[in-house]
Amino acid sequence: MSAEDFQKKVSLRDSLSGDIENECGGSGVGSTSSTVGSGVASQTLVLLRSLLEIQQRRAQAYANLKSGFSEYVESGAEALYQKLCSEITTEFSECSKQVREMESLFLNPEVGRTDLAKLLSDIQTQEKQKLHLTVTIQVLKKAGRPSERMLTHENCKFKKPMQHECVHLHEITEAAGTEEAEADAEFDNALKEAIRGVQDAVTSINEYLEDIRYEIEALEAD
């Protein structure tokens, strides 16, 4: 394992440990039970604040993905779009890794906040669904409605330059019009379902984050 990989592996735990130590003023051997309780509360507060920062990173990543896809649709620059998708995938993966690390810390008996661990797990589930459906939307939009997709003329017969017998004309006049209508309807339904799914996921995530903010306010008030 390279030094860089090792640093990435332990960066979150080290940074959180440092933040927690600073917030709690050090552990101190022989601390009273009240001090220990205060230390746990401070640790929880640090973790929850870190979670909100991670959610901000996710929001920025989605904004970048949306703008990048719009640029791709306009320019057709496939290489740039694929590069962006790779960068976004890495960012989301890192965010998920850090949230899972936080979840395990909440499950630690010394912290004992299984309720918050469950909350983070629920957020992760909805984020996974949101990302999956966001990608589905982009794939569908990239393909376009079946009736509006560009036709290729590889199988057409060319008699003269700029003149050919188009097999698609034959297909259009003889194929049942209902098949194309059904394909468009299936496409439209798939797109609407994906969009609705993203909206539902966003609503759930926002509700979970509201609970996180209430918890932060309660800890800050103590």
Intermediate values then yes/no, side chain to side chain contact (heavy atoms under 4.5 Å, CB included), Y62 and L131: CA-CA 9 Å; Y62 274 114; L131 180 58; 3.5 Å; yes
Check against side chain to side chain contact (heavy atoms under 4.5 Å, CB included), I54 and M102: CA-CA 11 Å; I54 289 173; M102 292 180 186; 3.4 Å; yes
Check against side chain to side chain contact (heavy atoms under 4.5 Å, CB included), D211 and L119: CA-CA 9 Å; D211 291 340; L119 197 54; 4.0 Å; yes
Steps toward side chain to side chain contact (heavy atoms under 4.5 Å, CB included) verdict (V73, K141): CA-CA 9 Å; V73 171; K141 288 184 176 181; over 6 Å; no
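Distance check, rounded to the nearest 0.5 Å: CZ of R196 to CD of Q199 gives 8.0 Å. Distance check, rounded to the nearest 0.5 Å: CZ of R49 to CG of L52 gives 9.5 Å. Here the CZ-CD distance, from R113 to E215, works out to 4.0 Å after rounding to the nearest 0.5 Å. The CD atom of E91 sits 4.0 Å away from the CZ atom of R57 when rounded to the nearest 0.5 Å. Here the CG-CG distance, from L120 to L47, works out to 8.5 Å after rounding to the nearest 0.5 Å. To the nearest 0.5 Å, atom CG of residue N189 and atom CD of residue E182 are 11.5 Å apart.
Smallest separation of non-hydrogen atoms from F69 and K142: CZ-N, 4.1 Å. Of all heavy-atom pairs between V111 and Q43, the closest is CG2-OE1, 3.3 Å.
The environment of E74 atom CD is sparse: at most 12 non-hydrogen atoms of other residues, nucleotides or ligands sit within 6.0 angstrom. Within a 6.0 Å radius of CD in E193, no more than 12 heavy atoms belonging to other residues, nucleotides or ligands are found. Counted within 6.0 Å of CD on E210, heavy atoms from surrounding residues, nucleotides or ligands total more than 12; the atom is thus considered enclosed.
Looking only at side-chain heavy atoms (C-beta outward), E71 and L80 stay at 4.5 Å or farther from each other. Side-chain contact between R58 and I123 is present, with at least one heavy-atom pair separated by less than 4.5 Å. Two residues are said to be in side-chain contact when any heavy atoms from C-beta on lie closer than 4.5 Å; Q60 and N64 meet this criterion. T136 is listed as a side-chain neighbour of H132, based on a closest heavy-atom distance under 4.5 Å. Within the 4.5 Å cutoff, the side chain of L219 has heavy atoms near those of the L48 side chain.
Using a cut-off of 4.0 Å between Lys/Arg side-chain N and Asp/Glu carboxylate O, E87 and K83 are scored as salt-bridged.
Between the side chain of S96 and the main chain of S93, no donor-acceptor pair closer than 3.5 Å is present. S204 places a side-chain N or O within 3.5 Å of a backbone atom of D200 that can act as its donor or acceptor partner. Judged by distance alone, the side chain of T89 and the main-chain N or O of C85 form a donor-acceptor pair under 3.5 Å.
Criterion: ILVMFWY side-chain heavy atoms under 4.5 Å apart, direct or through other members. Under it, Y208 and F92 are not part of a common hydrophobic cluster. Hydrophobic cluster membership is shared by L191 and L133, with clusters built from Ile, Leu, Val, Met, Phe, Trp and Tyr side chains linked at under 4.5 angstrom. By the criterion of side-chain heavy atoms lying less than 4.5 angstrom apart, applied directly or through intervening Ile, Leu, Val, Met, Phe, Trp or Tyr residues, I88 is not grouped with I137; the two fall into different hydrophobic clusters.
Residues meeting the ring pair (Phe, Tyr, Trp, His ring centres under 6.0 Å) test with F106, sequence neighbours left out: none. Residues passing the ring pair (Phe, Tyr, Trp, His ring centres under 6.0 Å) test with Y72 are Y81, sequence neighbours excluded.
With 3.5 Å as the limit, one finds a donor-acceptor pair spanning the side chains of E94 and Q98.
For residues 102-111, there are no salt bridge (charged side-chain N to carboxylate O under 4.0 Å, His left out) pairs, not counting sequence neighbours.
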